[in-house]
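To start, the structure itself, in structure tokens.
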Amino acid sequence: MQAVNISKEKYTRTLIVIAILIILPYLLSNQYYTHILVLSGIYVIMALGLNIVVGFAGLLDLGYIAFYAVGAYTCALFSTYFEVSFWLLLPLGGVLAAIFGILLGFPTLRVKGIYLATVTLGFGEIIRLVIRNWDSLTNGPKGIMGISHPHIFNFNLTSPVHFYYLILILGVATTFISYRLSKSPLGKFWIAIKDNEIAASVLGIDTVKMKLYAFAIGAFFAGVAGCFFASWQGFVAPISFTFLESIIVLCIVILGGMGSIVGSIISALILVILPELLRQFQLYRMLFFGLSLTFIMIYRSRRKIKAKEESFRLENDKIQKKEEISNIKEIFQTKNESAVKENIILEVEKISKNFGGLKALSNVNFKVRNLEILSIIGPNGAGKTTFFNCMSGIEKADQGRINFYEQRIIGNYGSLPAHKIAKLGISRTFQNTCLFESLSVLENVLIGTYIQQNKNQKENKKETLALELLNYVGLKEKSYERVNNLSYGHQRYLEIARALSVRPKLLLLDEPANGLNLHEKEILMNLLLDIREKLHVTIILIEHDMRVVMKISDHIVVLDHGERIAYGTPIEIQNNRLVQEAYLGRGKKVE
Ligand code: ADP
Ligand code: MG
């Protein structure tokens with residue numbers, strides 16, 4: 001009931017706000033104020049667009065205003081040259097801006113952080129300079145005049161109030177789309193990528209594609225806003241699209257709390273309306289920005305966490321209602337196993353990897369049979385994690401081949417990208433847990449269920465599977481907790497649940513027992529045996545704890561300085577002289 005009340009309350013509140021916005025021009029009854037509101041509406045749309053790029057997907061874009069310019073000039077050119085209707089130009093401006101977004105994104109999204117920021121800054125300037133200097137098309141710095149206003153049949157939209165209602169409709173639509181995106185799988189993928197790109201990619205998320213979507217959707221919003229702006233003003237010139245404008249929109253998003261939709265809207269309103277009302281202080285606009293930025297950042301950093309905890313707590317009440325939980329084993333068993341020769345599902349042949357002069361892996365060979373637990377052991381720096389990284393597509397092996405279910409995943413022509421390897425059914429955990437910290441415990445697992453190509457499976461079915469998986473690793477009660485609130489051991493279990501959420505055929509675990517106490521290790525061992533037995537998942541385990549290794553492994557590979565020095569059953573390894581010398585020091589026996 002409580003959950004229902006909350007959404008109802010939210011709904012009512014939204015309706016009240018919209019109602020107020022509808023009557024606002026009449027309350028103000030002042031053309032100038034309405035004009036300012038229209039302007040702030042444009043910034044709201046841009047801020048929501050940039051919020052998707054920077055806030056959701058974590059891509060620092062310093063040239064965002066270029067997309068606004070593309071929209072504005074699309075409107076200006078098509079309207080003055082061909083007299084195309086505004087109603088056609090509005091989506092066209094958005095689409096062209098989105099295409100520019102993809103053109104920019106495609107070559108640049110592989111660079112990150114400050115490099116991406118620099119490239120986008122350059123892109124923004126290039127667009128502005130092209131507009132400024134392509135006189136024959138854009139009329140240069142003088143700009144384009146005589147852009148027609150929108151009209152509906154014979155009715156021309158001319159007064160500020162008309163434009164106010166138009167931008168209100170666009171603004172509400174943009175807010176709605178943003179909200180839906182934030183709740184959609186795509187929205188969660190963006191947050192996952194922002195939190196930890198590598199962990200996202202080994203779950204099967206095509207990170208480059210998702211980032212392109214963010215760029216394209218963000219650019220679309222700006223294009224629409226730009227088109228509206230051109231038609232509203234009846235005039236465009238390059239002066240409206242300077243670097244400073246990009247920074248202002250970025251400030252709005254940062255002030256709004258990066259990723260917060262309501263925050264972006266409110267800060268857009270404040271940052272546009274306030275300086276207009278305090279005209280005599282125009283000069284201090286940037287100073288005002290800077291100061292408020294500083295204060296709000298300090299204030300927000302505390303508030304945001306509180307707000308999140310609150311929302312998790314509220315959702316926690318919801319989970320009590322979930323009594324109907326289907327059986328995870330059934331879900332796992334529905335997949336069809338393809339038969340392979342001699343039951344060998346993984347063939348590793350002569351894998352080598354160098355880091356500069358260091359041979360992290362050299363000529364490593366072994367085979368893994370279906371449903372076995374194979375352990376990789378060896379001293380620190382032996383190359384165990386590097387092997388997992390090569391196998392999951394994070395690092396490129398220099399040489400060698402790996403076949404999975406007789407399909408080449410690593411070969412002479414490089415490796416499949418991480419997300420494709422994941423989709424084939426290889427899933428992994430990390431030596432240092434890599435969870436998505438901005439997502440709840442449940443959402444961490446949900447992400448994986450979204451990726452399964454099962455179109456028939458409904459959203460709530462996915463949630464059921466995710467809850468069931470959490471239950472399986474003993475974390476159901478923590479479903480709506482923040483990841484950082486979990487104990488270290490629980491974080492490790494959660495990472496295993498997340499790795500299972502994509503229904504892998506092969507699970508790679510990098511030192512899962514590391515940092516666990518004896519009791520937790522016992523639980524872990526039983527869990528691994530159960531995963532193999534009931535969920536039919538083959539496991540490769542990197543582990544230091546010999547008790548764990550000897551107890552649950554079928555075979556063991558011993559690495560030392562990147563070379564395979566032994567392979568065999570636990571008993572064989574225990575009695576292997578080479579292993580005793582290299583791994584445990586002379587005279588000691590592996591126990
Ligand atoms: P293990 O997991 O067995 O402890 P790793 O695979 O992490 O060992 O490392 C093997 C060797 O490769 C170590 O000497 C390590 O310092 C080196 N190494 C690992 N990753 C990198 C990297 N990205 N760049 C340079 N050297 C690396
Ligand atoms: Mg390691």
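Whatever order the structure lists them in is the order used to number ligands and atoms, beginning at 1.
- For R369, there are no salt bridge (charged side-chain N to carboxylate O under 4.0 Å, His left out) partners two or more places apart in sequence or in a different chain.
- Checked against the 6.0 Å centroid threshold, F123 and F67 count as a close aromatic pair.
- Dense packing is recorded around NZ of K353, with more than 12 heavy atoms of other residues, nucleotides or ligands lying under 6.0 Å away.
- Defined by atom type and a distance below 3.5 Å, a donor-acceptor pair is missing between the side-chain atoms of E495 and T433.
- Near ligand 1, residues F355, L358, A360, P379, N380, G381, A382, G383, K384, T385, T386, E395 come within 4.0 angstrom through at least one heavy atom.
- Within the protein, the number of N, O or S atoms lying under 2.8 Å from the Mg ion (ligand 2) is 2.
- One finds no salt bridge joining K367 and E372 here, because no Lys/Arg side-chain nitrogen approaches an Asp/Glu carboxylate oxygen to under 4.0 Å.
- Side-chain N/O atoms of Y472 and D530 include a donor and acceptor closer than 3.5 Å.
- Taking the ring centre of Y405 as origin, the terminal cationic atom of K505 falls inside the region bounded by 6.0 Å and 45° from the ring axis.
- Listed by chain and residue number, R428 satisfy the side-chain hydrogen bond (donor to acceptor under 3.5 Å, both in side chains) test with S392 (two or more places apart in sequence, or in another chain).
- Partner I556 forms a side chain to side chain contact (heavy atoms under 4.5 Å, CB included) with one of N576, L541, V549, I373 and no other, that one being V549.
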